[in-house]
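Shown next, in structure tokens, is the structure this report addresses.
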Amino acid sequence: MEMDIDDASQLKGEEEKEKGKPIVVLLVGAPASGKSTFCESVMQASSRPWVRICQDTINNGKAGTKPQCLKSATISLKEGKSVFIDRCNLNKEQRVDFVKLGGPQVEVHAVVLDLPAKLCISRIAKRTGHEGNLQGGKAAAVVNRMLQTKELPKLSEGFSRIMFCQGETDVQTALNTYTALGPSDTLPHGCFGQKDPNAKTQLGIMKFLKRPHETNSQDSTCSQFTDGKGPCSKAQETVSSLSGTASQKIKVSEDPAVNSISQNDNDVPTLAFPSISTADFRFDLEKASNIIVEKVEQFMDKLGNTRLVLVDLTQRSKILSLVRAKAAQKNMDSKRFFTFVGDITQLHSKGGLHCDVIANAANWRLKPGGGGVNAAIFDAGGPALESATKNLAKSLLPGNALVVPLPSTSPLYSREKVTHVIHVLGPNMNPHRPNCLDNDYIKGCKILEDAYSSLFEGFLSIAKTKVKFPNRSSQGTQSELSVPDNKTEGILRNHFSHSEQETENCKNYESDRSKKCTKSENAVVVVGCKEQDLVSPLSGAASDETKAGENPAAGSISQHDDVPTLAFPSISTAGFQFDLEKASTIIVDKVEEFMDKLGNARLVLVDLSNRSEILSLVRAKAAQKNIDSKRFFTYVGDITRLYSEGGLRCNVIANATNWRLKAGGGGVNSAIFDAGGPDLEAMTKNQASSLLPGEAVVVPLPSTSPLYTREGVTHVIHVLGPNMNPERPNCLDGDYIKGCKILQDAYSSLFEKFLSIANTQVKIPKISGKSIPSEPSLPEEKIKGTLTKSWSPWVQALYKIAMQPEKYKNEVLEASDDVVVLNDMYPKAKKHLLVLARFEGLDCLADARKEHIQTLKTLHAVGLKWAEKFLHEDASLVFRLGYHSVPSMRQLHLHVISQDFESKHLKNKKHWNSFNTDFFRDSLDVIEEVNDMGKAILEDEKLLSLELRCHRCRSVHPNMPRLKSHISNCQAPFPAALNGRLVLVQSNSASDP
DNA sequence: GTTCTAGAAC
DNA sequence: GTTCTAGAAC
């Protein structure tokens with residue numbers, strides 16, 4: 001069936017007819033579904049005059065009424081402005097008056113932000129000060145209630161156009177659509193993006209997938225579809241038809257969470273492909289992006305409901321942005337072609353994007369290795385892919401593609417549900433690689449075009465066979481297919497050999513159109529749903545669209561979370577095999593029990609996988625009990641990298657440990673001991689040598705532990721739960737009466753210990769009157785003020801030590817009323833100490849004034865004492881004492897550093913120059929300057945990027961390794977400029993004759 | 001193909 | 001402050 005529609009001429013007519021018509025766009029969505037953000041994003045970039053009418057603020061910044069909104073809208077429309085109606089508009093009644101704003105001169109559109117409730121709730125829970133003023137734990141209840149009465153808008157209400165957005169990708173599409181809408185442009189009428197069960201599918205090969213029953217839950221969208229003006233209306237209809245009602249039902253009842261890739265589309269044949277030739281082969285990105293977009297466009301019509309996805313590893317991928325921009329310009333259907341940031345070998349498992357075919361940017365020998373995508377795909381595909389490839393061809397010419405069906409033994413098949421890999425060889429522009437085209441872009445472009453053509457044709461040939469022609473045997477099908485070439489023919493045969501199941505399913509479609517089919521579709525969607533059931537937006541699929549849309553989700557874990565937070569794994573459910581159902585009940589009960597005592601502290605249940613069953617169970621139960629999701633929530637991520645990878649700051653983490661409190665044994669315990677380093681192990685040993693089931697022990701983390709420096713974790717609480725695993729010691733042998741008791745005890749101990757930490761931690765904004773006498777009162781305002789904001793934990797590390805050295809006994813070498821001495825955590829030389837001033841408010845050298853002169857002198861004296869101590873141990877050392885002009889860490893600290901600079905931590909130019917240019921201010925000079933001029937001379941950070949010069953002979957070196965190798969040998973005397981500033985054992989002139 | 005840097009993210 | 005990694009330099 002042809003998809004060609006002469007849209008150009010139709011649009012033209014439309015434009016002339018409706019030039020300059022203002023539009024009313026009703027945003028439809030729950031609180032925090034992104035309505036305001038949507039409007040603002042469009043308005044920021046649009047050339048059309050827009051007015052956003054927000055009921056939450058229309059009344060001089062306060063919430064107003066519907067009539068106010070209507071009035072304001074009418075005025076704006078008269079002025080020729082288009083209008084966003086930014087209120088929930090969730091049911092027909094709420095919308096009807098706004099629809100009436102429409103008329104012959106005004107079109108009314110709806111943009112439906114039909115995002116998972118969970119996402120909205122988590123956004124609300126995290127945000128403060130939003131106009132809507134719906135915050136905190138009530139959010140869940142409110143949103144859920146609102147969504148229960150949700151009625152999706154229909155064209156029959158009077159809208160001329162409706163866009164349904166059920167994921168970030170959809171939102172981005174809508175954003176692009178409205179942003180690109182110039183003052184005199186118009187948009188095609190009809191429904192877009194809806195996963196409508198009634199949508200009639202009639203195009204080509206897709207006819208067999210037509211929904212068997214028509215439930216009539218929506219009216220007439222489909223007929224309007226066929227009247228739709230744009231080409232995309234048809235296309236979208238086709239796409240969406242695959243997974244209709246089932247997903248909708250689930251959406252309403254189970255709120256599948258964050259999901260930037262519309263999961264409804266995940267049954268659709270999809271090709272994920274890397275940009276060909278632009279990495280190692282160094283093809284010009286601009287040209288490559290043009291070719292990609294053109295080729296995709298050319299194939300668009302033949303694709304049916306299949307999808308093409310350009311994949312790259314990083315958000316910053318230039319080729320992705322170029323392609324996105326160009327595709328948007330061409331108004332390409334972003335449902336059938338989009339970009340995706342992620343690992344092409346883990347799209348399903350990590351990204352939640354199901355692609356049954358992936359392309360490989362191969363080399364001409366079709367061999368693994370070589371880095372990049374090729375190495376990754378061969379790695380992931382395993383030997384099975386290698387041999388399957390070898391069986392089909394030994395080499396590939398530039399511009400060609402080879403379709404390889406994946407044996408079901410390949411991990412890519414089992415884990416990622418990839419059925420085929422298509423190797424593609426593009427042109428090479430890299431002189432260091434074979435067959436370089438030597439910048440001949442005429443040839444190069446031709447070859448790259450051919451490469452994409454071959455790739456897409458190969459994919460189509462697969463897609464066609466996948467859209468099972470149900471009532472035919474595989475043999476029959478084969479003979480009827482137009483097979484592109486011999487290779488593919490062989491491949492197709494292979495494909496059928498491992499897809500009997502699929503063929504079977506197709507028969508169901510054809511022969512049994514009633515319940516069986518529905519059921520199986522439901523099942524499919526449920527599975528997809530679970531996998532996607534991410535907890536928080538943070539862990540969502542790494543779709544770049546997320547970013548582009550300036551999506552509030554990304555920040556939904558609040559940045560200003562100085563709140564005491566305990567992250568804990570589910571105890572006993574992993575290695576100890578405790579029943580998940582029971583465990584989840586206990587967790588929720590215990591959390592509930594402690595909720596009142598928590599103050600503003602938070603508890604976070606953490607698990608590694610999106611698919612974590614315990615997380616979903618706990619989430620469901622916590623939601624049922626309406627537990628404040630601000631103070632208790634679940635999180636998907638590595639508990640040892642919550643801050644560095646997830647941006648979630650947890651000052652305390654729990655460890656599901658073993659009774660010996662020993663490292664190892666896999667799972668969380670191994671990970672935490674690993675991450676904590678030897679310090680954690682040593683500290684743990686100090687606290688206890690073993691643990692009984694149901695008990696917990698608190699281990700304060702030395703500031704030398706990476707968990708402390710990198711993650712800001714101050715305490716680890718080891719917890720031992722009951723063991724139900726017969727292969728582990730002390731198995732309870734299925735005795736869940738005992739087991740539950742112990743598990744309850746374990747959580748009680750855990751939470752109690754956490755509370756005791758939280759209560760003594762300085763950070764708790766103290767509830768009035770309740771002071772904690774033993775603590776020095778730290779100026780919270782100061783922390784909150786100039787230096788912290790949302791800075792990383794390490795910035796504060798020295799300050800904390802200076803203020804409470806007794807808490808850091810393990811690392812403090814010396815402490816007095818005035819100073820604290822400790823080893824630099826990352827010494828840049830054999831000996832490298834820091835002498836901290838214990839002077840409140842002296843954050844850095846810039847703060848030093850006359851009144852600090854005594855402090856400066858004390859720092860110097862103490863530094864000198866330590867340098868001399870070291871000189872006693874090693875007379876060959878030479879020391880300098882001084883300050884960084886602009887330090888990276890808060891609290892004035894004097895560096896005492898030996899001039900060997902022999903250290904693995906000395907890694908880059910900045911490190912070097914911070915000690916070996918004028919950026920490093922010698923302590924004696926500083927004292928003199930402050931004394932004479934009232935402050936110290938500070939040098940600019942520009943000095944840090946100077947060339948690398950030997951500090952002795954002043955020779956220049958091209959890079960750090962060379963410099964380091966040079967200084968390890970350089971024996972030149974120190975420059976005269978350092979006279980009087982070096983601390984060293986006087987050369988033995990005294991004993992000289 | 002590897003080494004190294006610089007910039008971003010944390 | 002470190003870590004990570006793309007891209008430059010070699």
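Below, read A as the first sequence line, B as the second, and so on, with proteins coming before strands; counting in each chain starts at 1. Since the structure is predicted, the reported quantities are computational estimates derived from the model, not experimental observations.
Taking the six-membered ring for Trp and thresholds of 30 and 60 degrees, A:His895 and A:Phe920 have ring planes inclined between 30 and 60 degrees apart. Taking the six-membered ring for Trp and thresholds of 30 and 60 degrees, A:His957 and A:His966 have ring planes inclined between 30 and 60 degrees apart.
The interatomic distance linking A:Phe919 (CZ) with C:dG1 (C1') rounds to 12 Å, in whole Å. Between A:Leu822 atom CG and C:dG1 atom P the separation is 13 Å, expressed in whole Å. Per the geometry, CD1 belonging to A:Ile319 stands 11 Å off P belonging to C:dG7, to the nearest Å. In this structure, the CD atom of A:Gln891 is 16 Å from the C1' atom of C:dG1, given to the nearest Å. Rounded to whole Å, atom C1' of B:dG1 lies 13 Å from atom CG of A:Asn363.
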- Message: Set out, in order, the CA-CA distance, both residues' side-chain angles and the distance that settles side-chain hydrogen bond (donor to acceptor under 3.5 Å, both in side chains) for A:Ser349 and A:Glu416, then state yes or no.
- Response: CA-CA 6 Å; A:Ser349 59; A:Glu416 305 296 328; 2.5 Å; yes
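Qualifying side-chain contact (heavy atoms from CB on, under 4.5 Å) partners for A:Ala327, counting only residues two or more places apart in sequence or in other chains: A:Met332, A:Phe337.
In this structure, A:Lys318 does not pair ionically with A:Glu286, as no charged nitrogen and carboxylate oxygen lie closer than 4.0 Å. Between A:Arg890 and A:Asp843 there is a salt bridge, since a side-chain N of the basic residue sits under 4.0 Å from a carboxylate O of the acidic one.
Counted by atom type alone, A:Tyr799 and A:Glu840 present one or more donor-acceptor pairs between their side chains at under 3.5 Å.
Across all strands, A:His893 comes closer than 4.0 Å to no nucleic acid atom at all (heavy-atom distances). If you check every strand for non-hydrogen atoms under 4.0 Å, A:Lys318 touches nothing.
For residues 673-680 of chain A, proximity to DNA chain C is found at no residue, defined as any non-hydrogen atom under 4.0 angstrom from a strand atom.
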What's touching nucleotides 2-6 of chain B from the protein side, N or O pairs under 3.5 Å?
residue: B:dT5; atom: OP1; partner: A:Met960; partner atom: N; Å: 2.6

